[in-house]
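Before any comments, here is the structure.
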There are 4 protein chains.
Amino acid sequence: MSGIIRVGVIGGMAYTARELLRWLLVHPRVKITVVTSDSSAGKPLVGAHRVFSGQIRKDFLFSSFNPAVLAKSCDVVFLCLPHAESAKRAAVLLNAGLKVIDLSADFRLNSPAVYEKWYANKHPCPELLKEAVYGLPELFRKDIPKARLIANPGCYATTAILSAAPLLSNGWADGQGIIVDAKSGVSGAGRKLDARYLFGQTHENFLAYGVAQHRHMPEIDQILTRVLGKKQAGKKVEITFVPHLLPVHRGILATSYLPLKRAYDAGQIQARYATFYANEPFVEVLPLGQFPELAEVQGTNFVRMGIKVTKNGRLAIVVAVLDNLAKGASSQAVQNMNLLFGLEETLALGGQAN
Amino acid sequence: MSGIIRVGVIGGMAYTARELLRWLLVHPRVKITVVTSDSSAGKPLVGAHRVFSGQIRKDFLFSSFNPAVLAKSCDVVFLCLPHAESAKRAAVLLNAGLKVIDLSADFRLNSPAVYEKWYANKHPCPELLKEAVYGLPELFRKDIPKARLIANPGCYATTAILSAAPLLSNGWADGQGIIVDAKSGVSGAGRKLDARYLFGQTHENFLAYGVAQHRHMPEIDQILTRVLGKKQAGKKVEITFVPHLLPVHRGILATSYLPLKRAYDAGQIQARYATFYANEPFVEVLPLGQFPELAEVQGTNFVRMGIKVTKNGRLAIVVAVLDNLAKGASSQAVQNMNLLFGLEETLALGGQAN
Amino acid sequence: MSGIIRVGVIGGMAYTARELLRWLLVHPRVKITVVTSDSSAGKPLVGAHRVFSGQIRKDFLFSSFNPAVLAKSCDVVFLCLPHAESAKRAAVLLNAGLKVIDLSADFRLNSPAVYEKWYANKHPCPELLKEAVYGLPELFRKDIPKARLIANPGCYATTAILSAAPLLSNGWADGQGIIVDAKSGVSGAGRKLDARYLFGQTHENFLAYGVAQHRHMPEIDQILTRVLGKKQAGKKVEITFVPHLLPVHRGILATSYLPLKRAYDAGQIQARYATFYANEPFVEVLPLGQFPELAEVQGTNFVRMGIKVTKNGRLAIVVAVLDNLAKGASSQAVQNMNLLFGLEETLALGGQAN
Amino acid sequence: MSGIIRVGVIGGMAYTARELLRWLLVHPRVKITVVTSDSSAGKPLVGAHRVFSGQIRKDFLFSSFNPAVLAKSCDVVFLCLPHAESAKRAAVLLNAGLKVIDLSADFRLNSPAVYEKWYANKHPCPELLKEAVYGLPELFRKDIPKARLIANPGCYATTAILSAAPLLSNGWADGQGIIVDAKSGVSGAGRKLDARYLFGQTHENFLAYGVAQHRHMPEIDQILTRVLGKKQAGKKVEITFVPHLLPVHRGILATSYLPLKRAYDAGQIQARYATFYANEPFVEVLPLGQFPELAEVQGTNFVRMGIKVTKNGRLAIVVAVLDNLAKGASSQAVQNMNLLFGLEETLALGGQAN
């Protein structure tokens with residue numbers, strides 16, 4: 001496809017929206033036509049997101065949410081809304097003929113019952129769950145171009161799934177006993193005005209939360225179960241997931257502990273990961289002995305992993321980093337848009353230079 | 001014992017020394033008589049540690065290391081030295097008749113071979129390894145008063161050992177498959193002038209290091225093996241230990257994953273911990289559903305723990321916090337000193353007030 | 001006076017209250033009898049201030065505000081309340097016969113009109129303004145013991161006033177053209193749930209606020225005008241005050257620019273400051289060429305200053321640091337309490353040791 | 001000019017080099033042909049700057065410094081070297097026929113004597129000082145295209161000069177009594193392995209340094225003296241400059257205090273600034289009552305300013321922010337390159353979008 005893609009952003013005050021705008025503003029094939037905000041409609045966008053001053057016209061205003069207008073002026077819309085709210089609007093926008101990339105959790109789980117259990121309300125449009133494509137290009141690249149509705153993965157889920165997939169898909173691990181000890185920057189919580197996220201509660205602090213009961217756990221289980229090799233058909237992955245809150249803005253580091261079905265040496269495991277991701281433009285597996293740091297991926301669409309195996313060869317340790325706002329949300333959404341519109345997948349996301 | 005304890009601090013420029021001085025200066029039974037520093041001998045102590053300005057006389061100078069002088073002017077000395085260096089001086093000071101509390105790693109491992117493997121040099125005085133008492137009062141309180149030489153535990157080791165001891169000592173866990181995912185503030189590295197610890201490399205960053213090969217791992221294994229209940233005699237604990245570097249000054253949070261021999265519910269595990277530490281003045285086990293934060297224990301000698309059990313009842317998750325410079329080093333050293341001199345264990349360390 | 005001082009803390013959820021409790025808990029002559037909180041009455045204090053776990057009995061509960069009970073069980077109360085609210089309760093408590101140390105701004109300004117202008121409401125009990133003693137011991141030490149009502153100074157005001165007093169009191173400066181460029185940690189704002197104080201808005205950020213129109217400006221002007229030497233009687237000090245928000249928890253650093261009436265060299269100015277504060281236990285003037293850092297005074301009751309004079313000798317630059325929660329609020333309140341009850345001024349506040 | 005500009009970066013390990021590469025890698029008209037590093041020659045660039053992994057070929061190696069090779073393969077070179085070293089190599093590269101943009105301080109001062117006083121060594125090639133163009137486009141845009149050698153301004157200097165220029169150039173201020181109280185992130189110090197920049201010394205800390213004797217002071221004085229309006233010919237600007245070290249990575253906020261020759265109201269001053277910078281793509285003057293924050297400009301080439309005037313109308317207060325690594329160094333260098341090669345000045349630096 002050639003020409004310009006006209007893009008709408010719904011929920012334009014959210015951190016994910018701001019980050020999405022950052023990527024879209026430098027995308028050579030994108031024109032941002034509408035940015036909606038229920039609370040700020042009619043106000044200038046640069047007033048809320050002063051970092052874009054000079055990059056966006058001063059008279060570019062937040063719009064209110066109007067499906068008819070959006071349908072006329074956009075080819076695709078990104079939803080940066082709280083869950084439940086997102087699903088309701090997605091249904092309306094799909095009916096209006098738009099393609100939808102949803103950054104909320106609403107279309108990630110394929111079971112309405114599981115959704116209701118973890119998100120505490122009935123799914124507003126369960127009939128769309130089957131249609132939604134899980135927008136993790138590394139695993140579901142082929143499904144994305146045909147989608148009308150893309151469920152952009154959770155930030156923790158992206159990290160955990162990519163950390164485990166190589167060993168589950170070839171059967172070296174069977175998905176039992178996996179522990180994911182994850183640490184996320186504060187922006188994972190968005191712009192919420194909650195005392196927990198005050199500077200005074202977060203700076204020079206660290207804590208675990210949602211211990212073994214975080215909402216991304218069922219999302220990870222569901223996708224990793226799909227990843228299981230054919231010989232393991234019928235089995236279910238159930239991970240133990242413990243997230244922690246880091247005193248940084250951006251980034252997730254997840255340390256995954258993966259029991260192996262028999263002993264492997266570190267070289268074998270590293271080679272398996274390196275092979276699995278060999279053609280992935282945004283996943284890099286480090287040589288043995290190297291581990292990635294948060295700072296390496298902040299502001300980028302990249303995932304990086306380091307591998308270790310315990311002395312007895314029965315436990316693989318995978319340390320993976322990504323930027324929760326970027327590959328864990330907004331730049332991954334742009335990656336999905338690129339695939340959806342037949343563009344080069346890496347366009348405007350960083351890529352081999354010079 | 002009554003009267004004043006005359007205290008010497010060896011290696012007075014170290015972070016642990018500074019923290020130790022902080023505790024000693026408000027101890028009603030302590031007089032700091034000598035603080036040595038090879039590099040700063042003859043210079044005023046408040047010049048190096050300006051935070052004590054007003055608390056220590058301006059003309060209190062760092063001394064050079066002189067065992068004879070120390071023997072005359074001290075009842076006990078604390079060693080805040082790099083490993084190997086510490087053992088050499090400990091031997092000299094013991095010969096001079098002093099009691100020694102060593103904050104280095106030199107007397108924590110009881111096998112010279114294991115020491116040599118992890119610390120890359122021959123132990124300077126292996127004959128003292130048997131005599132040294134491991135100064136973790138919660139487990140070895142009775143041994144401490146009789147000691148000449150106390151090996152003050154490592155910060156990670158204190159956290160991990162206290163997190164696992166209740167389940168190993170009663171046999172609910174057998175010490176196999178334990179994973180300790182630990183996160184420490186930067187002060188754990190001391191005052192080292194290493195590019196890794198520059199603000200520009202640490203702030204807004206997070207990383208794993210020493211993945212499954214950190215020096216505290218054998219220390220934890222050795223002590224937890226001693227903790228194993230009698231029915232498990234002959235077994236050896238081998239944990240998987242992965243430390244991470246937090247962008248905070250002080251504090252360790254360790255998330256321990258402990259496989260259980262059969263299914264227990266969370267109430268049983270919490271009760272076991274609460275009972276095990278019921279009489280401990282500095283260990284607090286939280287009610288189910290609560291987890292501790294770093295900020296709660298910074299600057300204190302306290303350890304706090306929260307408990308979770310996975311749905312299938314086969315994995316206990318223990319989140320524990322302490323201050324690596326305090327309970328993980330200097331205030332624990334003072335706790336050991338209190339025991340060594342027959343003082344109230346909690347003296348000057350905070351305790352039931354009013 | 002001998003015996004124990006029974007202390008009440010009003011508004012026990014505030015940051016200043018927490019800090020005050022930290023100091024009071026280690027004060028050998030204090031018994032904390034009541035801590036009130038309108039929102040948390042009946043709940044355990046250690047639930048809100050978990051850092052005191054182990055230091056305060058678990059069954060010590062927040063009380064509701066009851067002047068009769070307070071009068072019976074306290075010798076003095078500290079008010080850690082928002083302005084206006086504080087004055088109302090102060091009046092009631094004074095009537096009940098209590099001594100009051102007020103940490104709010106309500107009794108710092110001696111003019112009801114100025115108060116109304118800056119605090120946007122009529123003063124609830126203007127008749128008390130004359131009686132209140134401004135609790136800055138370095139300037140008004142003699143007035144404090146006789147007071148019923150002490151107005152504990154503002155954190156910025158303490159810093160700015162102590163930075164300028166030596167030159168105004170001897171007439172080397174006349175109080176015209178003084179600029180105070182101040183930088184404060186986030187705790188200066190208390191526990192307020194305001195988006196500005198979210199981690200995401202504060203970390204890795206810095207900003208000016210209340211530029212030349214901050215509420216501490218009239219407080220500084222009023223006190224510095226009192227400080228002016230006799231030859232300057234009738235003159236009024238009017239400073240330019242610009243506060244900034246630092247991404248740290250605790251501490252204020254103020255850089256004051258003081259025009260001199262004629263040229264002085266740096267040695268003269270430094271000597272003037274050193275002499276002026278020679279007998280002050282908590283103010284330290286550094287030698288020429290040295291400047292203090294925030295970290296030196298965090299958690300302490302100390303103020304430290306470094307001095308510079310510009311090449312032409314006409315402008316003194318004073319860099320001063322203190323801890324806004326300690327000398328800028330709670331430990332200064334304890335210092336005032338010590339004076340009020342005839343105790344040694346430095347008791348439990350750190351002082352010459354060993 | 002059309003076609004691709006072949007660019008060399010000298011001193012490729014520096015923070016400024018890394019930042020420069022970040023900008024150059026997304027510049028549509030630039031090909032990075034050589035990056036030199038004396039210490040890392042022969043090693044892969046992505047090993048040192050892992051953030052570019054995926055953006056730069058893994059086999060792109062640091063080169064050693066070879067003027068002949070550089071002359072053949074580059075149209076322009078950027079110098080990211082320590083002062084003195086930079087001037088030496090600049091001379092060689094100019095002789096080899098290259099255009100040079102120097103990010104060091106070596107060609108900013110036009111007097112060898114002043115250089116020697118502040119940089120403690122004789123200038124290696126004083127004859128080039130006259131030729132060098134001071135690369136601040138907002139003031140010297142016309143001189144840049146013809147230059148062989150551009151002295152890229154200091155980060156503090158850029159902030160201070162742009163803050164004062166509007167009032168000096170029209171004579172509302174005469175340059176006497178100006179105070180610039182500046183606060184910079186730690187990256188201003190580059191990658192220096194100095195204990196002052198350890199996390200443990202910087203985090204949760206703040207301090208003044210180089211009080212009224214920082215090297216950028218003469219640079220500011222020199223340029224502002226050139227800015228003085230014609231009526232003030234012969235006068236010299238001498239500012240008082242006090243820099244401080246913020247616990248953030250990136251960004252400078254400078255609060256400038258500018259005495260006015262007569263009383264003006266705030267509206268007049270704001271209008272003067274708004275007019276002066278009306279056509280500047282990268283300088284934004286905020287409406288009265290608004291002040292900028294560091295976070296708004298981090299990672300961008302923008303400068304933003306807020307204005308206040310004191311009650312008596314005689315002192316203008318200007319709060320300005322920029323990113324010390326970007327507009328204060330590397331993106332300003334790219335802006336200079338754009339001008340030098342006749343490209344659109346804003347190319348690849350952010351600009352009016354959509």
Side-chain angles (χ1 to χ4, degrees), chain A residues 176-177 179-185 196 200-213 217 238-257 259 266 289-296 298 306-312 314-315 317-321, chain B residues 176-177 179-185 196 200-213 217 238-257 259 266 289-296 298 306-312 314-315 317-321:
Chain A
Q176 306 309 300
I179 291 167
V180 179
D181 190 290
K183 302 88 175 172
S184 171
R196 170 189 279 177
Q201 302 299 107
T202 310
H203 174 74
E204 189 66 8
N205 197 4
F206 183 67
L207 55 94
Y209 68 100
V211 176
Q213 52 187 17
M217 204 160 64
E238 287 197 39
I239 68 158
T240 297
F241 178 66
V242 181
H244 302 73
L245 188 66
L246 282 171
V248 306
H249 265 316
R250 300 173 72 121
I252 287 177
L253 183 150
T255 312
S256 297
Y257 301 89
Q290 291 182 25
F291 294 92
E293 308 188 4
L294 259 204
E296 298 171 21
Q298 284 162 341
I307 310 287
K308 178 87 183 176
V309 174
T310 52
K311 244 177 17 186
N312 65 9
R314 300 301 296 261
L315 186 74
I317 304 172
V318 180
V319 178
V321 295
Chain B
Q176 305 310 300
I179 291 167
V180 180
D181 189 289
K183 302 88 176 172
S184 171
R196 171 189 279 178
Q201 303 299 108
T202 310
H203 174 74
E204 189 66 7
N205 197 3
F206 183 66
L207 55 94
Y209 68 101
V211 176
Q213 52 188 17
M217 205 160 63
E238 287 197 39
I239 69 158
T240 296
F241 178 66
V242 180
H244 301 74
L245 187 66
L246 283 171
V248 306
H249 264 317
R250 301 173 70 120
I252 286 178
L253 183 150
T255 312
S256 297
Y257 301 90
Q290 290 183 25
F291 294 91
E293 308 188 3
L294 260 204
E296 298 171 20
Q298 285 162 341
I307 310 286
K308 178 88 184 177
V309 173
T310 51
K311 243 176 22 186
N312 67 8
R314 300 300 296 261
L315 186 75
I317 304 172
V318 180
V319 178
V321 294

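Sequence lines set the chain letters: A, B, ... in the order given, protein chains first and strands last, and positions in each chain run from 1.
When every heavy atom of Lys311(A) is checked against every heavy atom of Glu238(B), the shortest pair comes out as NZ-OE1, 3.6 Å. Between Gln201(B) and Glu293(A), the closest heavy-atom pair is O-OE1, 4.4 Å. Heavy atoms only, all atoms of each residue included: Val248(A) and Pro247(B) are closest at CG1-CG, 3.6 Å. The minimum heavy-atom distance linking Ala212(A) with Ile317(B) is given by the pair CB-CD1, 3.9 Å. Shortest non-hydrogen contact noted between Lys183(B) and Lys183(A) is CE-CE, 3.2 Å.
Of the listed residues (Leu245(B), Val309(B), Thr310(B), Leu246(B)), the greatest number of heavy-atom pairs within a distance under 4.5 Å of chain A belongs to Leu246(B). Looking only at heavy-atom pairs under 4.5 Å with chain B, the residue among Val321(A), Asn205(A), Thr255(A) that has the most is Asn205(A).
Separating the CG atom in Asp181(A) from the CD1 atom in Ile179(B) is a distance of 9.0 Å, to the nearest 0.5 Å.
Contact annotation for Glu296(A): neither backbone nor side-chain heavy atoms come within less than 4.5 Å of a heavy atom of chain B. The part of Phe291(B) that comes within reach of chain A is its side chain, from C-beta onward, which places non-hydrogen atoms under 4.5 angstrom from that chain. Interface remark: Arg250(A) contributes backbone and side-chain atoms alike to the contact with chain B (heavy atom separation under 4.5 Å). Using a 4.5 Å cut-off between heavy atoms, Phe206(A) touches chain B through backbone and side chain atoms alike. With a 4.5 angstrom heavy-atom cutoff, Leu315(B) touches chain A only via side-chain atoms.
Contacts of Thr240(B) classified as side-chain hydrogen bond (donor to acceptor under 3.5 Å, both in side chains), with partners at least two apart in sequence or in another chain: none. Listed by chain and residue number, Val319(A), Val211(B), Val242(B), His244(B) satisfy the side chain to side chain contact (heavy atoms under 4.5 Å, CB included) test with Ala208(B) (two or more places apart in sequence, or in another chain).
Remark: side-chain polar atoms of Glu204(A) are paired, donor with acceptor, to backbone N or O of His249(B) under 3.5 angstrom.
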